[in-house]
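Notes to accompany the following structure.
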Amino acid sequence: MSKTKIDRRNFLKVLGLGTAGAAMAGCDMPSYVTSEEGAEKIYSYLAPEEYMIPGIGVWYASTCQQCPASCGVHGRVREGRVLKLEGNPDTTVNAGKICQMGQASIQAHFHPERLQNPTINGKDATWDEALALVKEKTGNAAWVTGTVSGHQRVLMDAHRQASGNGRHYAIEAVNARAWEDASATLLGDSNPNLHIDKARAVLTIGADFLGTWGNPVKSMRDYGNFRNAPRGVLMAIEPAMSMTGANADTWVAARPGSEAAVVLGIGHVLITKHGVSAAGMPSAAAAFAAMTPARVLELSGVSTAQLTKIADTLMSNSPSLILANASHAAAKAAQVLNLMLGNVGQTLTPSTALAANGLAPLTGSSKDLVEFAMDANAGKIGAAFITGTNPSFLAPKGLDMAAALSKIGFKVAIADFADETTKSCDVVLPMSSPLEAWGTHVPVNGGASGDIHIQQPLMENVYANTRGFGDILLSVGQGAGVEGLGAFEDYYGYLRTAVSALIGSDMEGDWNKALQAGKVTAATIPMAFKAGEDVALGFSEPAAAGTLSLVTSARQGLYDGRHANLPWMQEAPDQISKAVWDSWAEMHPATAAKLGVKDGDYVSINTANGAISTRVFTYKGMHPDAVNVPMGRGHTDYGTYATNGVNPLTIMDASPGDRQTTELLSSNLAVQVSPTGENRHLVRLMDVDSQHGRKLVATITADQFDRNQGGA
Amino acid sequence: MSADRPQHKSFPWIRTLIGTAVVGALIVLGAQMFEKQLHPLAPGEAPAPRVPGADFPMDTFAGKDVPQPINYSHKLHAGDLGINCLYCHTYARRSKVAGIPPTAKCMGCHTVVGTDKPEIEKLTAMWSKGESPAWNKVNDTPDFVHFSHERHLQKFLLNNKDMDIKDSPDVCAMCHGDMNTVGVAKKMKPLTMGFCVTCHEKNNGPADCTRCHK
């Protein structure tokens with residue numbers, strides 16, 4: 001070793017002396033650090049309300065619009081700016097809690113890349129010009145939205161009726177459509193109330209209720225109660241581990257696309273081993289009888305022992321609840337099992353319908369995405385309003401969304417950010433952020449309360465030339481000559497009149513009370529389940545064992561990609577891989593070994609629809625035949641922060657996976673995976689899974705747990 | 001083993017590095033001296049504010065004149081006319097910040113008083129346009145310092161049995177100097193960490209870092 005090389009001891013000496021010298025000199029902060037005299041401006045209020053005190057926040061109620069769940073929020077407003085959101089404790093849906101996506105709405109609200117001016121063919125225009133053009137060209141227009149409810153939906157419906165009954169497509173890539181359809185078929189109620197807290201065992205098959213499915217905030221609270229004594233047992237069957245799967249006591253990996261077969265297999269064991277009756281449902285019983293454990297093993301890789309354990313747990317922990325959203329077939333079979341096990345009426349109860357017409361949520365699905373593309377390509381859509389969804393990003397290449405959009409004569413985007421879809425629209429109307437606008441929302445998973453959440457502006461527009469979504473809808477409706485709208489100057493006026501009618505009072509005090517609570521409780525009509533009837537249960541054959549299939553999980557944070565432009569959400573580590581700012585392909589270590597790749601190796605994932613290339617992240621919570629690339633990244637036109645990663649949705653199969661319902665599937669797509677030879681480190685929060693012997697998290701073996709606790 | 005270890009005595013850079021550290025320290029000290037040259041202490045000691053039960057540093061600071069959109073006079077309002085500090089800076093006892101009074105408060109008097117003076121005409125013009133004057137901040141602590149006016153007023157004024165609310169100028173003067181003597185506003189106390197800590201030590205104020213730096 002050379003004599004001039006600094007060793008540790010000398011390095012520390014020098015560091016210490018240098019620090020001491022600087023510290024001695026800096027003991028009293030030099031006055032130039034603080035003497036910012038005249039460097040900052042300070043503005044006073046003009047004539048503030050008595051309760052407005054600079055430095056002290058005032059909380060106002062509003063409604064979160066970051067996902068379709070529509071949780072109630074309280075926003076802290078200080079010096080005219082909204083700084084922080086918390087859950088509104090008065091709501092039955094989220095009861096005082098919100099998720100990270102809700103917290104990030106503040107960042108979306110103050111985002112520098114928000115749309116600021118109306119444009120016509122990409123050139124700035126005035127609102128009058130843009131609205132005049134919209135009025136002239138949108139006869140018979142279709143509406144393309146995400147999940148919508150409340151008075152915004154009423155205005156859209158009124159506009160469609162007044163302008164020639166264009167179709168309303170509600171598009172959500174992350175949806176509960178399989179569950180909704182199965183519930184409607186078997187119970188006559190597409191969104192029955194779920195009582196996770198009342199169940200003693202919950203089995204989920206592709207319904208990630210702690211992550212993105214339904215209202216995760218509500219589910220998490222129910223889940224907390226479910227885990228309180230007596231502790232409920234959570235089981236999950238899925239090809240790639242989700243947030244819910246990661247919390248499950250029993251997690252079973254099933255081959256992608258084989259979920260329905262596994263549910264049928266559980267039914268088979270329940271009938272043959274436990275004598276559960278499928279009386280009155282001969283076709284269902286036949287399907288159960290045909291799905292022997294041996295057949296389940298062959299189709300899904302789920303062993304007889306696993307199948308039996310799940311069936312035993314369901315039997316010994318009654319009432320249970322089986323949730324499924326993996327496919328229509330799986331959801332239908334799960335609902336039949338709920339009927340057979342007597343869960344219906346206990347952990348599944350009928351929802352209530354609002355007495356007022358037209359406010360109920362129109363829930364989105366990817367079925368509507370497919371149908372929108374097909375209708376547009378067939379030239380059936382002359383004009384369209386597109387808002388709250390991004391079909392160009394969500395659509396697989398095979399749907400040819402670019403061609404479909406170009407065949408629509410006139411497209412209006414009502415958006416707060418420029419994205420892949422607004423780029424191809426003729427007119428773009430910049431809307432205020434949800435924290436600046438009025439609205440009403442009916443939560444999809446609202447419980448039995450009849451609550452209508454009120455969205456009220458928490459501050460003035462950050463960008464002066466934007467308008468509230470409701471105000472734009474009102475102008476568009478007035479332009480189309482919708483009856484009864486002419487009298488209203490703005491959406492606030494319309495909403496106030498409409499809400500007054502709902503609560504049967506137009507007193508100032510009652511309106512203020514509604515705003516303070518953030519909700520009104522409207523009259524409801526109780527519903528009843530219909531009697532269980534016999535349905536045919538089927539399943540689709542998954543790809544053969546050993547064939548890799550692509551799964552595209554949705555994760556809380558980026559969701560379906562709508563939050564990819566928020567650095568907070570890019571920076572928040574993924575719940576499973578802990579990765580940030582980039583895409584990855586999760587695969588089982590055995591699969592990676594077979595392909596000859598390791599962590600960080602780039603692989604090309606090829607389908608008939610194209611290829612994406614991203615790096616491998618090996619993870620044991622995977623079926624060896626599954627490759628999971630979570631959705632949300634890989635935007636091409638969604639601002640500075642959304643460009644990284646790849647979009648797995650583009651290479652998904654465009655032909656509807658479930659022919660009966662034309663719903664796209666998020667799994668069951670055979671792919672070829674080949675290494676590209678490149679390797680780059682995937683940046684993860686934790687980076688290593690080892691605790692290096694530091695016992696950061698105490699663990700015991702399953703054997704010890706069983707001995708001590710008498711585990712499930 | 002030991003043969004591989006470097007010989008500490010034959011380490012030639014250490015003197016250079018110590019020298020660099022000393023020079024660095026001298027530069028910082030020099031900059032401070034220079035800064036003090038720029039802002040010499042005010043001649044003579046400011047009159048000692050009378051706050052029973054409080055013992056606080058007498059340091060002064062000669063702040064520069066900061067031009068303001070309206071040439072308001074603290075001397076006239078607070079000094080000659082004897083208006084209580086808390087009449088205008090009403091937020092000081094309720095909030096972290098003392099706040100600039102809302103224009104409505106100014107107009108409470110100035111719709112009748114002194115309406116012909118040019119500065120009042122400026123104010124009235126802004127008021128009728130619905131604009132606030134853009135004041136230049138004179139006393140400013142860095143963003144990593146959390147100072148609460150409310151807490152300090154509670155200790156030295158509101159919960160101090162020897163003080164009456166009319167004595168507020170004496171309490172405010174602890175950190176702001178005698179505002180009754182200046183025009184718009186001038187920084188008259190250093191408001192450095194040393195200034196804060198000296199007072200906290202003398203008056204048993206909290207000493208944990210996180211009380212102010214959060």
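The shown structure was predicted, so the numbers you read here are calculated from the model rather than taken from an experiment. Proteins come first, then strands; the chains are lettered A, B, ... in the order of their sequence lines, and each starts at number 1.
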Select all residues of residues 117-135 of chain B having any heavy atom within less than 4.5 Å of some heavy atom of chain A, and report them by number, or 'none'.
Trp127(B), Gly130(B), Glu131(B), Ser132(B), Pro133(B), Ala134(B), Trp135(B)
Does Lys97(A) NZ have over 12 foreign heavy atoms under 6.0 Å away?
no
I need the Asn136(B) CG to Lys41(A) NZ distance, nearest 0.5 Å.
3.5 Å
Name all residues meeting the ring-ring contact (aromatic ring centres under 6.0 Å, His included) criterion together with His149(B); count only those two or more places apart in sequence or in a different chain, and write none if there are none.
Phe147(B)
Go through the structure and list residues passing ring-ring contact (aromatic ring centres under 6.0 Å, His included) with His74(B), not counting sequence neighbours.
Tyr72(B)
Minimum-distance pair of heavy atoms, taken over all atoms of Pro102(B) and Ser44(A)
CA-CB, 4.4 Å
What pairs with Tyr45(A) under ring-ring contact (aromatic ring centres under 6.0 Å, His included), at least two apart in sequence or on another chain?
none
Crowding at CZ, Arg94(B) (>12 non-hydrogen neighbours, <6.0 Å):
yes
Within a reach of under 6.0 Å around CZ of Arg496(A), are more than 12 heavy atoms found that belong to other residues, nucleotides or ligands?
yes
Rounded distance [0.5 Å steps], CD in Glu150(B) versus CD1 in Ile56(A):
6.0 Å
Ignoring hydrogens and angles, tell me if any N or O in the side chain of Ser95(B) forms a donor-acceptor pair with the backbone of Pro54(A) under 3.5 Å.
yes
Is it true that atom NZ of Lys75(B) has more than 12 heavy atoms of other residues, nucleotides or ligands lying nearer than 6.0 Å?
no
Cut-off 4.5 Å, heavy atoms of chain A, and the answer for Pro101(B) is backbone
